[in-house]
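Data first, discussion second: the structure below is written as structure tokens.
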Amino acid sequence: MSLDLPSYIAGEAVHSSDKLDVFYPWNNTLTGTVSNITPEQLDQAIDAALRGQHTPLSRYERHTILRKAANLLAEHREELAQLICRETGLCIRESMYETGRSSEVLEFAAIEALKDDGEVFSCDISPQGKNRKIITFKQPLQLICAITPFNHPLNQVVHKVAPAIAAGAPMILKPSDKSPLTAIRFAELLYEAGLPGWMLSVVSGDIDTIVTPMITDDRVEMISFTGSVKVGKHIAKIAGYKKTCLELGGNSPLIILEDADIDLAVKLAAEGCFRNSGQRCTAVKRLLVQESILETFTSRFVEQAKEYIAGDPEHPETRVGTVIDEPAAIYLEQVLRRAETDGARVLLGGNRNGALMEPTVISHVPRDTPMVAEESFGPLAPIIAIIDLDDAIQYYNSGNFGLSSGIVTNNMTEALKAAKHLRTGTTNINEIPGFRIESSPFGGIKDSGLGIKEGVTEAVKFMQNTKTFSIPWE
Ligand code: NAD
């Protein structure tokens, strides 16, 4: 049976005959529908958010709501994991993992809500000074709009909504049109946890009549967007005079040097390439392996990759479910065939069935074939030979992306060189590029973002303004 979910305008469910359909990529059955909103309802959401600010929530209230939401999420963990699976085709192992991460985001945000990072500046510290003190405090932005991608349909949403609650800033959320159902169920849990309606609206609607007007509305002070480079750059153009947090695509490498622990390298390579069906912005999109260990690494990696069973997303043994839809899988198949034409060799996998793309290991991949020159969002593991670390750094830095990276080596000098010289948001040593905790700063540079970080702590800061006032201090 499919779900029929409303949009929410300031906590009120709104139903409509104009609906968005959401399908299960595994078998194309209807998972659910969401009611689209009208431009008038968007206006109501904006008005309610602005009015609500006259009765702001205390830090304790924000903390309590976030804690309750974390508990409710834990109670509903299986239901939400099932829904993620049914709207994205991600396997149940991954969607259970995602719900766990999302609870942590809520817990960290609850802690953040209690922190006051106000500062005091004595003003009698220079010849031009005075006997005064300057004190800072934080004020929430009056309205934030968030737009989220299909991958991690819960965690991406929680990473925007939870910091906004901690900051005390109202938000209108437009989740991905491919995976909006989990976002709406999550909003219902937040209302149940006591979140006042004006603090959150969750809307579905047409790009031209709802989303673009939301982005360009002068009353909106910030756009928080996670998604593709193409849409992110378009938003940067139309948003105008607003704060923007743009978390865009990635093309992350895992660099494997000749002194690496090969057991660790093959394990990290497989986790990095295949988890979440390869659909993580920080997924390993290129394995850059030093020539001297290329053969050993490749044969060991193919064996490791065989453990990633692809198939029915709901089966507990499945480790790789579908990608988001059949066109996405067809794109992967096309870049794979093109890479073969360009000289690459498929060592494992390579087949597609509907939206299911097999975990695929590819060797002899030319550096400029579209599969690796652009972001390929799926379970492809292209291996590229590198001469040494300098070669890997030069190759990575010559590309457009700058989100994350990983290096496997026991040579600390080389590891630190990678950390210093890779032009990217993160470098993880002996870890996958995707490693983070939910509160640490996260985000990219170059085409991957403007250097403004998410992660609960940084996100909360960006969602507030710093106000100063000064007082006499005779
Ligand atoms: P997408 O850009 O196609 O869509 C993202 C969101 O933008 C969706 O909600 C979509 O409905 C909306 N959208 C589409 N066209 C729009 C327009 N013209 N104006 C305003 N909004 C519009 O991205 P996707 O395919 O859902 O997600 C995959 C991409 O997201 C990948 O490139 C991935 O790397 C990236 N991503 C980045 C991060 C990060 O933190 N850097 C995290 C996850 C995903």
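Counting starts at 1 for both ligands and their atoms, in listed order.
- Near F442, meaning under 4.0 Å from any of its heavy atoms, are these atoms of ligand 1: 40 (O).
- Geometric assessment of R423 against the ring of F401 yields a negative cation-pi assignment under the 6.0 Å and 45° thresholds.
- Geometrically, R275 does not engage Y308 in a cation-pi contact, judged by NZ or CZ lying under 6.0 Å from the ring centre and within 45° of the ring axis.
- In this structure, I144 and M463 have side chains that are in contact, with non-hydrogen atoms separated by less than 4.5 Å.
- Of the possible polar contacts, none joining the E87 side chain to the F23 backbone as a donor-acceptor pair under 3.5 Å is found.
- If you check which protein heavy atom lies closest to atom 17 (C) of ligand 1, you get I207 CG2, 3.7 Å.
- Remark: minimum distance from atom 7 (O) of ligand 1 to any protein heavy atom is reached at F225 CE1, 3.3 Å.
- Ligand 1 places these atoms under 4.0 Å from at least one heavy atom of V211: 20 (C), 21 (N).
- By the 4.0 Å N-to-carboxylate-O rule, R101 lies close enough to E438 to be salt-bridged with it.
- Classified by interplanar angle (parallel below 30°, tilted 30° to 60°, perpendicular above 60°), the ring pair F377/F150 is perpendicular.
- The shortest distance between side-chain heavy atoms of V202 and F186 does not fall below 4.5 Å.
- The cationic group of R367 lies under 6.0 Å from the six-membered ring centre of Y395 and within 45° of the ring axis, placing it in a cation-pi geometry.
- By the criterion of a heavy-atom distance under 4.0 Å, neither the backbone nor the side chain of H152 is placed next to ligand 1.
- Scanning the protein heavy atoms around atom 26 (O) of ligand 1, the nearest turns out to be F150 N, 3.1 Å.
- Distance screen at 4.0 Å: atom 4 (O) of ligand 1 has no protein heavy-atom neighbour inside the cut-off.
- If you look at N151 next to ligand 1, the close heavy atoms, those under 4.0 Å, all belong to the side chain.
- Of the protein's non-hydrogen atoms, the one nearest atom 35 (C) of ligand 1 is G227 O, 3.2 Å.
- Residues D43 and R219 are paired through a salt bridge, judged by an N-O separation under 4.0 Å between the basic side chain and the carboxylate.
- For the pair K243 and F462, the cation-pi test (distance below 6.0 Å, angle within 45°) is passed.
- Shortest non-hydrogen contact noted between M371 and S376 is O-OG, 2.8 Å.
- The nearest protein atom to atom 8 (C) of ligand 1, hydrogens excluded, is given as T148 O, 3.3 Å; this is a heavy-atom distance.
- Residue contacts with ligand 1 for Q156 involve side-chain atoms from C-beta outward but no N, CA, C or O (heavy atoms, distance under 4.0 Å).
- The atoms of ligand 1 that sit less than 4.0 Å from any heavy atom of E247 are 37 (C), 38 (C), 39 (C), 40 (O), 41 (N).
- At distances below 3.5 Å, at least one donor-acceptor pair connects side-chain atoms of T38 with backbone N or O atoms of Q41.
- Ranking protein heavy atoms by distance to atom 10 (C) of ligand 1, first place goes to K174 NZ, 3.7 Å.
- Around atom CD of E79, more than 12 heavy atoms belonging to other residues, nucleotides or ligands sit under 6.0 Å away.
- Within the 4.0 Å heavy-atom criterion, the part of I215 lying near ligand 1 is the side chain and not the backbone.
- Considering only non-hydrogen protein atoms, atom 28 (C) of ligand 1 sits nearest to F377 CE2, 3.8 Å.
- Note: no N/O pair closer than 3.5 Å links V231 and ligand 1 by distance alone.
- The heavy atom nearest to atom 2 (O) of ligand 1, out of those in C245, S228, S252, S404, is found in S228.
- Residue contacts with ligand 1 include S176, since one of its heavy atoms falls under 4.0 Å from the ligand.
- Atoms of ligand 1 found under 4.0 Å from any heavy atom of I147 (numbered from 1 in listed order, with element): 6 (C), 7 (O), 9 (O), 12 (C).
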**OP:** Evaluate side-chain contact (heavy atoms from CB on, under 4.5 Å) for I384 paired with V372, printing each intermediate quantity in order.
**Re:** CA-CA 9 Å; I384 296 173; V372 289; 4.1 Å; yes
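- Of the N or O atoms in S448, none lie within a sub-3.5 Å distance of an N or O in ligand 1.
- Checked by distance only, ligand 1 and P149 stay at 3.5 Å or farther apart across all their nitrogen or oxygen atoms.
- Of the polar atoms of E375, at least one N or O is found under 3.5 Å from an N or O of ligand 1, judged by distance alone.
- Scanning the protein heavy atoms around atom 36 (N) of ligand 1, the nearest turns out to be C281 CB, 3.5 Å.
- Counting heavy atoms closer than 4.0 Å to ligand 1, residue K178 contributes nothing at all.
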